2 protein chains.
Amino acid sequence: MRPVPAATPEPAPKPRRGRPGHDQATVLRTAIDLFNAKGYDATSIADLAKELGLSKSSIFHHVDSKEALLSAALDEALDALSAAIDRALDEHAGDEVDALTRLRGTVAESVRILAAHLPAVTLLLRVRGNSEVEQQALARRRRIDERLATLVRAAVAEGSLRDDVDPDLASRLLFGTVNSLVEWYRPDGPLDGDALARAVTSVVLDGLVPR
Amino acid sequence: MRPVPAATPEPAPKPRRGRPGHDQATVLRTAIDLFNAKGYDATSIADLAKELGLSKSSIFHHVDSKEALLSAALDEALDALSAAIDRALDEHAGDEVDALTRLRGTVAESVRILAAHLPAVTLLLRVRGNSEVEQQALARRRRIDERLATLVRAAVAEGSLRDDVDPDLASRLLFGTVNSLVEWYRPDGPLDGDALARAVTSVVLDGLVPR
DNA sequence: CCTACCGATCGGTAGG
DNA sequence: CCTACCGATCGGTAGG
């Protein structure tokens, strides 16, 4: 996407000449859906144009490049996930709250973000580092994963998670389960984001076998 | 791939003239690794040729098409997974074995297959139905998932899994966790397939919080 | 917002 | 006549 100009005190957005057209946000949402349905590489700008009812060239009136669409989508997911973890951790900062409670809150908040930004998060989880943009997204994602792993280690250290499972293995299984939600969860189904967050947190921490 | 001729009682494999060359299996393994690293669509036959030190044309001496490579890889994964479930279920067929035990065995066996056929299973789990080959693979995968879901429903029905979690949700979380292993598990790491299978089965059924 | 194009590269095949 | 492979190029389509 073009850099959105900083919010100067602009008057009302000038109605552009020509057809009403599509704004950047519409193009981006449609692109993310196509990228998820067919894969980024298998999606051509022509596919996107057809989906929007535009010509291929008109797409480039709204966006600078195909990769800029990818970059904007990945930023949306990463910004939302980072903010969610900040929120979940700050909520109990300095308190007498144990690590397990902080972990529960962080898992639940991650699931809610995944549900709320499902298309962007889905795309993020499929990135393989095929370009500079993808590699930077992977680096940001690793930083997030490391914060979560630190939290899991703290919970093991305080004795509230099993000590017969390696903490890093526990982290991977925990957030592997969360991430696997993008493969089947649909927000228009019977489960809303909150119910999903509660169910996932409970199953992954307490297990499927009744206690 | 070309159909491999049925195993007739051949003598020793005749040393072929010409350069030692690469056989179909080598080409397939290399292709799967590239497909996983870069994505199927982003991998060109030229990439594969370069990796093998061959010309692009020589690839087509060994395989009929790029898609035939994909098809062979997906069949490897699907055949192995189907066989594993047959094995895990037949092992206790008709016995007095409860559904939870059969489920434990099936989860463990699925993890072992995932570890043993990691590249092919990784590729399978990334298929999005972009072609006839991919759609048929997805259909086979759905049939496997349905067998697993039936097993989970039986375990809930007999009372050995929590009844406050929907059985289909439980299935999705269970096998979502298993499938997420392809994102990080490496067979040359500290965990072998058996140890991974034990750890995953235990965490996913008993939970991370100590009992 | 479109038609008309570009340099390059795609999967696959030719003859030898 | 074979297997194994090559340099060159096919008709079409990619992102821009």
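All values below were derived from every heavy atom in this structure, side-chain atoms included, with hydrogens, water molecules and symmetry-related copies excluded. Only a predicted model underlies this, so the values are computations on that prediction, with no experimental measurement involved. So you know, we letter chains A, B, ... as the sequences are listed, proteins then strands, and number each from 1.
The side chain of A:K56 approaches D:dG15 more closely than any other nucleotide in the set D:dC6, D:dG15, C:dC1. Considering only side-chain atoms of A:S55, the nucleotide from C:dT3, D:dA4, D:dG16 that sits closest is C:dT3. Comparing atom distances between the B:F60 side chain and each of D:dG15, D:dC6, C:dG11 picks out C:dG11 as nearest. Counting only heavy atoms from C-beta on, B:K66 has its side chain closest to C:dG12 among D:dC5, C:dG12, D:dG15. Residue B:S65 places its side chain closer to C:dG12 than to any other of D:dA8, C:dG12, C:dT3. Taking only side-chain atoms of B:I45, from C-beta outward, the nucleotide of C:dG11, C:dC2, D:dG16 with the closest atom is C:dG11.
Atom CG in B:L34 sits about 12 Å away from atom P in C:dG11, given to the nearest Å. One can place CG of A:D64 at 16 Å from P of D:dG15, the figure rounded to the nearest angstrom. Rounded to a whole Å, the CG atom of A:D47 is 12 Å from the C1' atom of D:dG15. At whole-Å resolution of the value, CG in B:D41 and P in D:dG15 are 11 Å apart. As a whole-Å value, the separation of A:I59 CD1 from C:dC1 C1' is 11 Å. Going from atom NE2 of A:H62 over to atom P of D:dG16 covers 16 Å, rounded to whole Å. The distance from atom CZ of B:F35 to atom C1' of C:dG11 is 12 Å, rounded to the nearest whole Å.
The phosphate of C:dC2 has neither OP1 nor OP2 within less than 4.0 Å of any side-chain N or O from A:S57. Applying the 4.0 Å criterion to OP1 and OP2 of D:dA4, one finds that B:H61 has a side-chain N or O inside that range.
To the nearest whole angstrom, the two C1' atoms, one in D:dG16 and one in C:dA4, are 13 Å apart.
Checked by atom type and distance alone, the side chain of A:S202 never pairs as donor or acceptor with a backbone atom of A:R198 at under 3.5 Å. A donor-acceptor contact shorter than 3.5 Å links the side chain of A:K66 to the backbone of A:Y40. Remark: side-chain polar atoms of B:R126 are not paired, donor with acceptor, to backbone N or O of B:G39 under 3.5 angstrom.
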Treat a base pair as Watson-Crick or G-U wobble with both distances under 3.5 Å, then lay out DNA chain C in dot-bracket form, 5' to 3', with | for cross-strand pairs. ....||.|.||.|.||
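Within 4.0 Å (heavy atoms only), A:S44 reaches sugar-phosphate atoms of the nucleic acid but no base atom.
Within a 6.0 Å radius of CD in B:E51, other residues, nucleotides and ligands contribute 12 heavy atoms or fewer.
For the residue pair A:S44/A:D47, the side-chain donor-acceptor check at 3.5 Å is satisfied. Between the side chains of B:R147 and B:T106, not a single donor N or O lies within less than 3.5 Å of an accepting N or O.
Counting heavy atoms from C-beta on, the side chains of A:L173 and B:L208 never come closer than 4.5 Å.
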